[in-house]
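What follows is a set of notes on a single structure, which appears directly below.
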Amino acid sequence: MSEEIRVRFAPSPTGFLHIGGARTALFNWLYARHNSGKFVLRIEDTDKERSTDEYIDAIIEGMKWLDLDADEGPFRQTDRFDIYKGYIDKLVAEGKAYYCYCSPEELDAKRKEAMKQGKALKYDGKCRDLDKPVEGVKPVVRFRMPHEGQTTVEDLIKGNVSFDNEQLDDLIIARSDGTPTYNLTVVVDDVDMKITHVIRGDDHLNNTPRQTQIYEALGYKVPKFAHLPMILGADKARLSKRHGATSVMAYYEMGYLPDALINYLVRLGWSYGDQEVFTKDELVEYFSFENVGKAASIFNPEKLLWLNAQYIMNSSSEKLGELVMPFLVKDGTVKEGQEIDMAWLAKAIDTLKERSKTLLELAESLRYYISEDVEFDEKAKAKFLNDNSRDMLVELKDGLTAISDFTTEEIEKLFNSIIEKHEVKLGKLAQPVRVALTGGTQSPGIFEVIDVLGKEKTVNRLERAIQSI
RNA sequence: GGUCCCAUCGUCUAGUGGCCUAGGACGCUGGCCUCUCACGCCGGAAACACGGGUUCGAGUCCCGUUGGGAUCACCA
């Protein structure tokens, strides 16, 4: 019997959950679900200077929105300092790590010098063989890296990657205040949490041989690795605020559906033949590292927008009604405490969902259905609400008022009789009506709009438009 | 600069030596549909970075060049 697959997402709470982190979390989640394994969330907050509880909450909020549910955690490394301490002491006792008394300033100066001379920026090993402590200096602990041979990382995505051990320097595993650093904690935790596959961004690939050495010094089996290619901005630089929104929750605010973001993100680096749109179940079923590419990819907001439109189009109007409510409340279309008939809202959304790329757009369009009055677009009013259309609008208003059976069929008959009488095409009447009812020149089919609005609102708005001429 | 990774349309990608006259998707674009806007449908422009090998045959394998990225903290 094979061992259970266990993966983890291990963000550092020094910022919000961003696009890159979300993609890493997603691939971990997919791998766990595909293999019926476990997905662990671990917060790497050993850097107390930069980590905050707010960011921990923000990361959890982002994952919750994306519905990337963890099976275990969140674990916090700051709760585990005793564990790391034990391992650090053990390493020192066995001579696999040593105290280093060099000051940060001294190290910095050496780095700059090395940079100037174009040499490798590597710790020179000054304290490596020191036999007694330096008085009055709080030392850091350094891991004693081997200087000879090679370390090969077996990566599920990149293949075998070899590094000369000569390259590896004696990295710091404990700060002078005794707190552990990343390269130690990540190894200890992955061992302790029985992580079988380390799936992370390929910016970690260069760290991997160092970590491999630590695994071996501790006497543990190294897990499997899968280093995901980076997500870059349009200028091929690392994705940052300059490239637009990078925080996952910003996409919530812009009216994106979580599944659309997921679908977009998964196709950045992964593919399944020519398929573009996937359900979550399909993703779980199809996901495999064999189909993960090696090259970095560029974040393309247009394609995400298109996917979001697809997801909106294919969502039920009832569900969209629920999702769009917060946006309606936020922009004031729906007042605090105002009752909205959700069945009616769904009917309104039926007419709008194939012309809304985001929930924000949907909310905006919904305004002319929900609000009492509509504001006329100046140019539209000038072009369509004028003496040319006035008579037809009056006839329509009177005709609609007189209709007892307010059905689309009857309404269409009325429209036809008016345009026949005036010898014009439907557009000549439909556009002025559209402006009268929605305030602008773009909307769903005019009969759909009237149907959603109902008799009273339709007649009132026509009256108001006529008065404005 | 050292080390490591990477390289198919503008972008995401299919391609695992002959099925490639290189396929799909976004975007762009011409048309159809039509009461507007969308949706949808039909069509178009658009790529194997370059140079050497290996092979009967290379987008696919190897080497080099070029280009891009990552990393080199008492950050993770």
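Residue numbers start from 1 in every chain, and the chains themselves are labelled A, B, ... in the order their sequence lines are given, proteins ahead of strands.
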What does [X] touch in the nucleic acid at a heavy-atom separation under 4.0 angstrom: a base, only the sugar-phosphate, or nothing?
| X | result |
| --- | --- |
| Asn207(A) | base |
| Glu302(A) | sugar-phosphate |
| Ser162(A) | sugar-phosphate |
| Ser443(A) | base |
| Val140(A) | base |

Please tell me which of the listed nucleotides, [options], lies nearest to the side chain of [X]?
| X | options | result |
| --- | --- | --- |
| Ile298(A) | rC35(B), rU11(B), rC4(B) | rU11(B) |
| Lys158(A) | rC5(B), rA76(B), rC26(B) | rC5(B) |
| Tyr182(A) | rA38(B), rA76(B), rC4(B) | rA76(B) |
| Lys303(A) | rG24(B), rA70(B), rC39(B) | rG24(B) |
| Leu268(A) | rC75(B), rC12(B), rC74(B) | rC12(B) |
| Thr46(A) | rC6(B), rA76(B), rG24(B) | rA76(B) |
| Arg111(A) | rA7(B), rC35(B), rC74(B) | rC74(B) |

Watson-Crick or G-U counterpart of [N], or none if no pair lies under 3.5 Å:
| N | result |
| --- | --- |
| rG57(B) | none |
| rC26(B) | rG10(B) |
| rA70(B) | rU3(B) |
| rU36(B) | none |

Does [X] get its side chain close enough to the base of [N], under 3.5 Å, for a donor-acceptor pair?
| X | N | result |
| --- | --- | --- |
| Asn206(A) | rA70(B) | yes |
| Ser297(A) | rC12(B) | no |
| Asp108(A) | rA73(B) | no |
| Glu354(A) | rG40(B) | no |
| Arg355(A) | rC39(B) | no |

Write down the distance between [atom1] ([X]) and [atom2] ([N]), rounded to a whole number of angstrom.
| X | N | atom1 | atom2 | result |
| --- | --- | --- | --- | --- |
| Asp235(A) | rG69(B) | CG | C1' | 12 Å |
| Gln310(A) | rG24(B) | CD | P | 17 Å |
| His227(A) | rC5(B) | NE2 | C1' | 11 Å |
| Tyr264(A) | rC26(B) | OH | P | 13 Å |

So that I know where these two stand, are Tyr264(A) and Phe299(A) an aromatic pair - ring centroids less than 6.0 Å apart?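 Centroid distance Tyr264(A)-Phe299(A): below 6.0 Å, so yes.
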
Taking for each residue the nucleotide of RNA chain B with the nearest heavy atom, is it Arg23(A) or Cys102(A) whose nucleotide lies nearer the 5' end?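 On the 5' side of the pair lies Arg23(A).
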
Closest-nucleotide 5' rank along RNA chain B - winner of Gln442(A) and Asn183(A):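 Nearer the 5' end of the strand: Gln442(A).
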
Side-chain donor-acceptor pair present, Asn160(A), Thr152(A), cut-off under 3.5 Å: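 Their side chains do not contain a donor-acceptor pair, so the 3.5 Å distance test is not met.
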
Crowded around Glu412(A) CD? As in, over 12 foreign heavy atoms under 6.0 Å?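 Yes, the 6.0 Å shell around CD holds more than 12 heavy atoms from other groups.
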
So does Phe16(A) have more than 12 non-hydrogen atoms from other groups sitting under 6.0 Å from CZ?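 No, the 6.0 Å shell around CZ holds no more than 12 heavy atoms from other groups.
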
Residues that Ala465(A) engages under side chain to side chain contact (heavy atoms under 4.5 Å, CB included), provided they are two or more places apart: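 Partners of Ala465(A) by the side chain to side chain contact (heavy atoms under 4.5 Å, CB included) criterion, ordered by chain and then number, come out as Phe376(A), Leu385(A), Ala436(A).
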
Non-neighbouring partners of Tyr87(A) that pass side chain to side chain donor-acceptor pair (under 3.5 Å), sequence neighbours left out: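 By the side chain to side chain donor-acceptor pair (under 3.5 Å) rule, Tyr87(A) matches Tyr220(A).
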
